[in-house]
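Given the structure is predicted, the values throughout are model-derived calculations rather than measurements. Side chains are part of it too, since the values below use all heavy atoms of this structure and drop only hydrogens, waters and symmetry mates.
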Amino acid sequence: MKRLLLLMLFLSWPLGAVQAEESLQQKIDALPEGAVIELEAGVYNEAITIKKPLTINGADGAVFRVEGEKPAISIENTENVAIRNVQIEQGDTALLIQDSSNVTVERLRIIGADQAASVHRSKKLVLRELSIEGPDGHYSDKGNGIALYKSEDIEVSDNEIRNVRDGIYIEHAKGLRASGNSIQDSRYGVHLMYSEQVQITGNHFSGNVTGVMLMMSNDSRIHSNIIEEHIMPNASGLVLYDADTIEVTDNSITSNALGLSLQKTGGSTVAGNRFFGNQIGMEFINSAETNKTKGNEFTGNIIQLRSDARGGQIAGNYYDDAALLDLDEDGYGDTPYTAMQSYGQWMVREPVYQYFTEAPAVVLLNEMDREMNRLTSLVLIDNSPLMEAPSDLQTSASVSLWRLVLGAAVMAFAAFIWRKESAG
């Protein structure tokens with residue numbers, strides 16, 4: 001009798017109760033193109049692949065937690081995809097985009113992934129407001145924060161990236177715009193290779209081995225960034241290697257072991273930058289004389305400029321250690337500033353020599369160099385050094401404009417009072 005009752009109960013049980021719950025991937029596959037998914041808060045222990053136009057908006061607390069090598073979220077062979085406001089906790093690759101276009105990824109938090117975001121053969125992408133924290137361990141054992149391969153027309157903006165190998169790695173890319181990013185405690189903040197038409201603007205790089213490493217690339221601009229506190233052994237704020245037609249303008253390059261290094265570089269411009277508090281402000285290694293260095297401010301550096309006897313055109317920069325006269329009051333020194341120093345050349349070949357830069361014998365040697373090199377035609381001589389720092393001139397101009405406006409207002413008020421009294 002009991003067996004008969006159990007059999008009747010089993011046959012009458014609703015079919016849906018024994019069916020497995022539909023997975024997120026199944027829901028995605030069943031949706032039409034252009035659909036919008038409002039992803040509820042909760043933990044999703046499955047990897048998903050998107051192969052059609054789709055939007056996913058995550059609620060606060062929507063978390064992908066996926067084990068294994070498969071990316072948590074893959075976007076493949078599609079267009080018009082948007083993913084917003086989700087968290088990914090993943091041991092291998094968190095986000096993979098390949099052979100796709102018109103993809104927007106915003107407000108993702110990626111924690112502990114060996115590789116946070118990897119992009120291949122794609123175009124017209126936006127990666128914005130990502131928070132990326134790499135796993136524990138040495139950066140050589142990690143992947144990159146955002147890696148871009150053979151892709152073009154990409155915006156990477158307002159991201160916070162820490163503890164990865166390279167914050168933004170770019171290879172064979174064109175038309176990249178990296179702006180407003182903060183990258184810290186990694187090997188390279190930006191590592192750029194075989195690329196062109198790249199804009200690196202308004203970013204903050206600090207505490208990496210190198211802030212920006214640009215290699216075998218051309219026709220790009222590095223503008224208005226803060227590059228500071230790269231002080232590890234062999235650290236540099238910015239390195240241009242085997243590059244051509246690069247503009248380095250209006251950056252703040254401070255407190256680095258080496259501020260800027262031009263290596264095998266030609267046809268480039270370094271202008272309007274502030275080099276402050278670096279062990280070495282700027283160096284040239286096997287670089288062409290077609291490089292132009294102008295309107296920069298070198299203050300508080302132990303060595304302002306050094307070279308292996310090749311460098312570029314240096315004119316109209318400010319040096320806080322220059323002893324100059326300006327008898328004609330044109331704003332430029334009447335005598336050249338000699339940046340070439342024997343000791344600086346030796347430091348290029350033997351970086352360990354930097355530890356002796358303030359030794360009495362080195363100070364005496366540098367002074368002798370300044371006097372002797374005035375009679376030579378060495379490449380690192382600024383024939384028109386600025387008498388005042390560009391930042392001081394801008395401050396003076398702002399103060400002068402304010403005084404002019406205030407004076408005009410006072411005169412107008414006085415005229416008004418005079419006319420009123422005359423009319424009375």
Residues pairing under salt bridge (Lys or Arg N to Asp or Glu O under 4.0 Å) where one sits in residues 248-268, two or more places apart or in two chains, turn out to be none

Side chains of [X] and [Y], heavy atoms from C-beta outward: is any pair under 4.5 Å?
X	Y	result
Tyr337	Asp321	yes
Tyr332	Leu386	yes
Thr254	Arg274	yes
Ser100	Val81	no
Lys51	Asp29	no
Thr335	Leu324	yes
Leu24	Leu39	yes

When you compare the side chains of [X] and [Y], does any donor N or O come within less than 3.5 Å of an acceptor on the partner?
X	Y	result
Tyr139	Asp185	no
His204	Glu228	yes
Ser157	Glu155	yes
Glu67	Asn45	no
Ser182	Glu160	no

With Glu283 as partner, the option from Ser236, Ser307, Ser261 fulfilling side-chain hydrogen bond (donor to acceptor under 3.5 Å, both in side chains) is Ser261

Closest heavy-atom pair and its distance - [X], [Y]:
X	Y	value
Asp158	Asn181	N-OD1, 3.4 Å
Thr249	Asn273	C-OD1, 3.3 Å
Ser74	Pro71	OG-CB, 3.5 Å
Asn144	Gln115	N-OE1, 2.8 Å
Thr293	Met282	OG1-CE, 3.5 Å
Phe284	Leu305	CE1-CD2, 4.4 Å

Worked verdict on Met215 versus His191 for side-chain contact (heavy atoms from CB on, under 4.5 Å): CA-CA 8 Å; Met215 308 173 69; His191 189 184; 3.4 Å; yes

Between [Y] and [X], is the closest basic N to carboxylate O distance under 4.0 Å?
X	Y	value
Asp153	Lys124	no
Glu152	Lys123	no
Arg221	Glu247	yes
Glu129	Arg107	no

Answer yes or no: is there a donor N or O on one side and an acceptor on the other, between the side chain of [X] and the main chain of [Y], under 3.5 Å?
X	Y	value
Asn159	Ile132	no
Asn163	Glu133	no
Ser217	Tyr194	yes
Asp92	Asp114	no
Glu89	Gly112	no
Ser131	Arg109	no
Asp382	Asn317	yes
Asn85	Gly58	yes
Ser122	Asp99	yes
Asn291	Glu289	no

Could you check whether atom [atom1] of [X] has more than 12 heavy atoms from other residues, nucleotides or ligands sitting under 6.0 Å from it?
X	atom1	answer
Glu38	CD	yes
Asp330	CG	yes
Ile231	CD1	no
Glu46	CD	yes

Sorted by chain and number, sequence neighbours left out, side chain to side chain contact (heavy atoms under 4.5 Å, CB included) with Ala35 holds for Leu31, Pro32, Leu54

Rounded to the nearest 0.5 Å, how far apart are [atom1] of [X] and [atom2] of [Y]?
X	Y	atom1	atom2	result
Glu106	Leu130	CD	CG	9.0 Å
Gln279	Ser255	CD	OG	10.0 Å
Leu260	Leu240	CG	CG	5.5 Å
Ile28	Ile37	CD1	CD1	4.5 Å
Gln304	Asp320	CD	CG	5.0 Å
Ile48	Ile83	CD1	CD1	6.0 Å

- Task: Quick one: do Glu33 and Lys52 satisfy salt bridge (charged side-chain N to carboxylate O under 4.0 Å, His left out)? Show the steps, please.
- Result: CA-CA 6 Å; Glu33 293 187 355; Lys52 59 186 172 185; over 6 Å; no

Here the ring pair (Phe, Tyr, Trp, His ring centres under 6.0 Å) pairs for residues 65-113, sequence neighbours left out, are none

What's the verdict on side-chain contact (heavy atoms from CB on, under 4.5 Å) for Thr78 and Asn80, showing C-alpha distance, side-chain angles and the deciding distance? CA-CA 7 Å; Thr78 188; Asn80 301 328; over 6 Å; no

Exercise. Step through it carefully: locate the ring centre of Tyr169, locate the ring centre of Tyr149, and say whether they are under 6.0 Å apart.
Key: yes

What do the steps show when you test Asn203 against Val190 for side-chain contact (heavy atoms from CB on, under 4.5 Å), and what is the final call?
CA-CA 10 Å; Asn203 303 282; Val190 170; 6.0 Å; no

Result for ring-ring contact (aromatic ring centres under 6.0 Å, His included) between Phe275 and one of Tyr319, Tyr318, Phe298 points to Phe298

*side-chain contact (heavy atoms from CB on, under 4.5 Å) between Leu127 and Leu148, worked out*: CA-CA 11 Å; Leu127 301 172; Leu148 310 170; 4.3 Å; yes

